[in-house]
J.: 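Got a structure for you, questions after.
To find a chain, count down the sequence lines: A is the first, B the second, and so on, and within it residues start at 1.
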Protein chains: 2
Amino acid sequence: MPEREPLTATQVRLIAKALADPRRNEILKQIGSRKDGIACAEIRECQSITAATLSHHLRELETAGLIAVVRKGKFADLSIRRDVLNSYLAYLKTF
Amino acid sequence: MPEREPLTATQVRLIAKALADPRRNEILKQIGSRKDGIACAEIRECQSITAATLSHHLRELETAGLIAVVRKGKFADLSIRRDVLNSYLAYLKTF
DNA sequence: TCATCCGTTAGATAGTTGTCGAACTATTAA
DNA sequence: TTAATAGTTCGACAACTATCTAACGGATGA
């Protein structure tokens, strides 16, 4: 069973914004579809997007807490943070 | 048990965007807190916002399908559409 | 050491949007 | 009919943001 820490108003704002862009939505979906991490280059194989733009979106997702980014040598290791996503779901359920 | 029709990509985009603005978030929360409908003027008692801006936000929420707006004489009767919100929750769960 | 690969940062631009005041429509009340 | 009330629409503006190219830094391999 996943953790569900309550979110601050700021976190809610950042998460909602991060999810609002279709591109970020796709990126997050792709990251979430992997059990273990994925690298930027692999995302770029499926999305026609420059490295710079991808980097920008990844920062938004990370700032929102929706993904974890770990540097592994040359590569970035991206993974979804389901606990945070679940907290957001729990928040929306209170409406 | 609430209905959960799957959403189109367009609906997902509109809903995510509608939820992304803090003001709209608050407005939706307020509408959702009422069992029966609420009018614009009552929302404006709690949020410092002009009628024009509120009208704009309500249109966004309605276009996204998150609220129902029924005109009743002079007043608008606003209510949350939990089926749509639940569909969005179901969508996010697939991540 | 040098070249190459992966990703980030900086700066610029085009498009989007939250906000307001003012003018408008529609309904109710006097 | 006149006035008041509830919302909407319009036009404008400031702030934000998604996107790109170009330049950069750090790691790997030759």
J.: Over all heavy atoms of both residues, which pair between A:Q30 and A:I43 is shortest? Give the atoms and the distance, please.
T.: NE2-CA, 3.6 Å
J.: If only atom types and distance count, is the side chain of B:S55 paired as donor or acceptor with the main-chain N or O of B:A51 below 3.5 Å?
T.: no
J.: Heavy atoms only, 4.0 Å cut-off, all strands: where does B:R44 land among base, sugar-phosphate and nothing?
T.: nothing
J.: Picking from D:dT28, C:dT8, D:dG7, which would you name as closest to the side chain of B:A76?
T.: D:dG7
J.: If I take atom CG in residue A:L58 and atom P in nucleotide D:dT19, what distance separates them, rounded to the nearest angstrom?
T.: 12 Å
J.: Could you state the atom-to-atom distance from CG of A:D77 to P of C:dC6 in whole Å?
T.: 15 Å
J.: In this structure, how many angstroms lie between the P atom of C:dG7 and the CD1 atom of A:I43, rounded?
T.: 9 Å
J.: Of the listed nucleotides (C:dG18, D:dA6, C:dG7), which one gets closest to any side-chain atom of B:K74?
T.: D:dA6
J.: Would you classify B:A52 as touching base, sugar-phosphate or nothing, given that sugar-phosphate means primed atoms plus P, OP1 and OP2, and contacts are heavy atoms under 4.0 Å?
T.: base
J.: Closest heavy-atom contact between B:L28 and B:L66?
T.: CD1-O, 4.0 Å
J.: Whole-Å distance between C:dT16 P and B:K17 NZ?
T.: 8 Å
J.: Whole angstroms only, please: what is the CD-P distance between B:E45 and D:dG7?
T.: 10 Å
J.: A:A51 near the nucleic acid: base, sugar-phosphate alone, or nothing, with a heavy-atom cut-off under 4.0 Å?
T.: base
J.: On DNA chain C, does the nearest nucleotide to A:F75 precede the nearest nucleotide to A:T53 from the 5' side, or the other way round? Give the residue.
T.: A:F75
J.: Which pair of heavy atoms, one from A:V84 and one from A:A64, lies closest together, and at what distance?
T.: CG1-O, 4.2 Å
J.: What's A:K72 touching, base or sugar-phosphate or nothing? Going by heavy atoms closer than 4.0 Å.
T.: nothing
J.: Measure CD/A:E62 against C1'/C:dT9 and give the value in whole Å, please.
T.: 15 Å
J.: Mind checking if B:H57 touches a base, just sugar-phosphate, or nothing, with heavy atoms under 4.0 Å?
T.: sugar-phosphate
J.: Which is more 5' along DNA chain D, the nucleotide nearest A:T50 or the one nearest B:S55? Just name the residue.
T.: B:S55
J.: Among D:dG7, D:dA18, C:dT19, which is the nearest nucleotide to the side chain of B:R23?
T.: C:dT19
J.: Which whole-number value in Å describes the distance from A:L14 CG to D:dT17 P?
T.: 10 Å
J.: Reckon B:R24 has a side-chain N or O less than 4.0 Å from the OP1 or OP2 of C:dG18?
T.: yes
J.: Can you tell me how far C1' of D:dC20 sits from CG of A:L54, to the nearest Å?
T.: 14 Å
J.: Check the hydrophobic clustering (I, L, V, M, F, W, Y; side-chain heavy atoms under 4.5 Å; chains of links allowed) and say if B:I31 and B:L19 are grouped together.
T.: yes
J.: Choosing from C:dG7, D:dT9, C:dT9, which nucleotide comes nearest the side chain of A:R59?
T.: C:dT9
